[in-house]
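Note sheet for the following structure.
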Amino acid sequence: MKKGSILESFKDKKFKYGGYATLMTAVVLAILIVVNLLVDQIPWKLDLTQNKLYSISEDTYKILDNLDQDIRIIGLYEAGKENKEVDEILKKYEARTKKVSVEYVDPVKNPTFAKQYDKEGNGLSTGSLIVISGNKFKVISPFDLYDYNYQTYRAESIAVEQRVTSAISYVTSEKNPVVYTLQGHDETALSVELKKRFENENYEVKELNLLTEDKIPEDIDLLMVISPKRDISEEEDKKIREYLTNQGRAVFLFDVLRDELTNFQSLLKSYGVAIQPSIIVEGDRNHHAGNPVWLVPNMESHDIISPLKSKDMMVIMPGAQGIETLDKKKRSIEVEPLLTTSSNSWGKKNLDAKTVDKETGDFEGPFDLAVAVTDKTYEDNKEKTTKIVVVGNATFTDGQFSAQVPGNGELLLNSFSWLQDKKDMISIRSKSLEYTRLNITGMQSLVWSGIVVIVIPVVIFLAGLMVWLRRRHL
């Protein structure tokens, strides 16, 4: 080829447009590479998961922002085998404040490290988290980082934020709340599952027998009464009233009994409520769990209930009775319903009835199944507040229901937080791992298949054909 012809080819229109296209492609690729490198350096991520699994709540941020102690979070994982879900959440803590540091220790390479944090001497499981502040620490088992369905052995929700924030509160608090469960009246024992959940939330659970104790202990934060079968004595009643009057906080759970607990009933009436002794039957199929006495109540508007509603967590109460709000009560008392039945419900007065059908003399619904009571009084120009939660059922707390129906345990934990005026801890709960399936019909499937397999390729082909036809005339 002659030199002149080579020079002429550089002046050709096809060469100019081809070179221009190549240059533009190179520039775009260079821009994309630079942008990708820059974005990779920005420590900002967007959580697009349906339940915001990798985000932490504003309530946790408030706790982190108010830290005045250094917090170390140590994960026991073999090198390269860290739990990515857990790590992603822990990074949010570390990124929020310099007071929190996250590190990992390989228990295989450092077999003696975990012994200093093993209180019971049973060994710490790989995957455990150790939260430390000063000389105080709390170990979170890997099994407590998720909530499991023990029938299917599947993890149903992730509880990393709930456990870690709770552990931070524990190691930074001078005193952790103490719950006393009343004894001496054939009360139902607290289930192992619930006791474990209470301990995870930093509650220390102790037993209290007022028949042998002169008074309610000073370190009490909450009094819990679980399904007593016998009434309290007048002396016990006096001790409980004295405690409640002095800004006491308590939870009362009562199952249906044949005999009235006169002193308990009198105590409740002094706070504007009373037990309606009957077994409630739900006539609305949407408000029972297959059995008309296994109630699935309506959830009212309250700080205790709002987190349950936002997470679509149901509560099931088998064999419950109603809580009546008295017309005559002190002006200082406010009674707020938490859980209610439908209007198509009734209360069976005859506990020996052989049918659940409504009979003459039965109570008319709807009923309050759980209420929150606040009594605000003033003494020496200072406000004194007493709070109690009363539930017309205690069976919902047993091992079967508290394990299989997460909302049952959440109801109690939220009640504890409300009673202690800890609204921030009410909303920090587990996040569901359930995901919404995309359900499409056969016709929708056919349409989308046609779009992907036929329409899009044809559009691309026609666009390419138009470009080719235009360029062949250049």
Side-chain angles (χ1 to χ4, degrees), residues 180-191 194 207-211 223-241 244 250-282 288 291-295 297 315-326 335 338-341 345-356 358-359 361-371 373 388-402 408 411-412 415:
Y180 276 92
T181 58
L182 189 66
Q183 303 294 307
H185 316 88
D186 294 332
E187 288 87 354
T188 299
L190 190 64
S191 69
L194 269 183
E207 294 183 351
L208 173 64
N209 191 327
L210 290 176
L211 294 171
L223 174 65
M224 190 173 186
V225 180
I226 312 174
S227 188
K229 309 302 184 299
R230 293 184 288 108
D231 203 4
I232 51 175
S233 66
E234 291 185 4
E235 187 63 28
E236 290 174 294
D237 176 54
K238 181 180 178 181
K239 294 173 185 177
I240 295 175
R241 286 176 185 271
L244 290 177
V251 177
F252 296 94
L253 313 176
F254 291 101
D255 279 323
V256 178
L257 294 175
R258 295 181 181 278
D259 300 323
E260 182 178 353
L261 304 178
T262 306
N263 289 331
F264 268 122
Q265 186 79 296
S266 174
L267 174 65
L268 294 180
K269 285 181 178 180
S270 66
Y271 286 95
V273 295
I275 299 170
Q276 288 181 306
S278 63
I279 296 179
I280 295 176
V281 180
E282 182 56 78
H288 68 70
N291 185 326
V293 298
W294 283 29
L295 311 178
V315 172
I316 296 180
M317 289 194 170
Q321 58 193 332
I323 305 297
E324 178 187 4
T325 298
L326 304 180
V335 180
L338 302 176
L339 302 173
T340 59
T341 66
S345 60
W346 56 93
K348 299 287 297 180
K349 287 185 178 180
N350 182 7
L351 302 183
D352 295 319
K354 296 181 180 180
T355 176
V356 296
K358 189 175 182 181
E359 297 177 310
D362 285 343
F363 290 118
E364 295 279 351
F367 302 93
D368 292 339
L369 301 179
V371 297
V373 181
I388 66 173
V389 171
V390 185
V391 185
N393 185 251
T395 307
F396 80 101
T397 66
D398 72 16
Q400 175 189 1
F401 285 99
S402 61
N408 286 11
L411 174 65
L412 272 182
S415 297

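All heavy atoms count here, side chains included; hydrogens, waters and symmetry mates do not.
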### Message
Quick check: do Tyr271 and Val390 have side-chain heavy atoms less than 4.5 Å from each other?
### Response
no
### Message
If I take atom CG from residue Asn393 and atom CG from residue Leu339, how far apart are they, to the nearest 0.5 angstrom?
### Response
10.0 Å
### Message
Once rounded to the nearest 0.5 Å, what's the spacing between atom CD1 of Ile316 and atom CG of Leu295?
### Response
10.0 Å
### Query
Does the pair Thr395 and Asp255 meet the rule for a side-chain hydrogen bond (donor to acceptor under 3.5 Å, both in side chains), with working shown?
CA-CA 7 Å; Thr395 307; Asp255 279 323; 3.2 Å; yes
### Query
Taking the side chain as C-beta and beyond, is there a heavy-atom pair between Val281 and Lys358 under 4.5 Å?
no
### Query
Among side-chain atoms of Thr188 and Asp398, is any donor-acceptor pair under 3.5 angstrom?
no
### Task
Hey, can you tell me if Phe367 and Phe363 have their rings parallel, tilted or perpendicular (30° and 60° cut-offs)?
perpendicular
### Query
Going from CE on Met224 to OG1 on Thr181, what distance comes out if it is rounded to the nearest 0.5 angstrom?
8.0 Å
### Task
Drop me the distance from Phe396's CZ to Leu411's CG, to the nearest 0.5 angstrom.
5.0 Å
### Query
Salt bridge check: are Asp362 and Lys348 linked by an N-O gap of less than 4.0 Å?
yes
### Task
Report yes if some heavy atom in the side chain of Asn263 is under 4.5 Å from a heavy atom in the side chain of Glu236; otherwise report no.
no
### Task
For side-chain contact (heavy atoms from CB on, under 4.5 Å), just list the numbers for Leu211 and Ser233, CA-CA rounded to whole Å, side-chain angles, deciding distance to a tenth of an Å, and then say yes or no.
CA-CA 8 Å; Leu211 294 171; Ser233 66; 4.3 Å; yes
#### Entry: Gap between atom OG of Ser270 and atom CD1 of Ile388 - 0.5 Å precision
7.5 Å
### Task
State, to 0.1 Å, how close Ile323 and Leu369 come at their nearest heavy-atom pair, and which atoms those are.
CG1-O, 3.9 Å
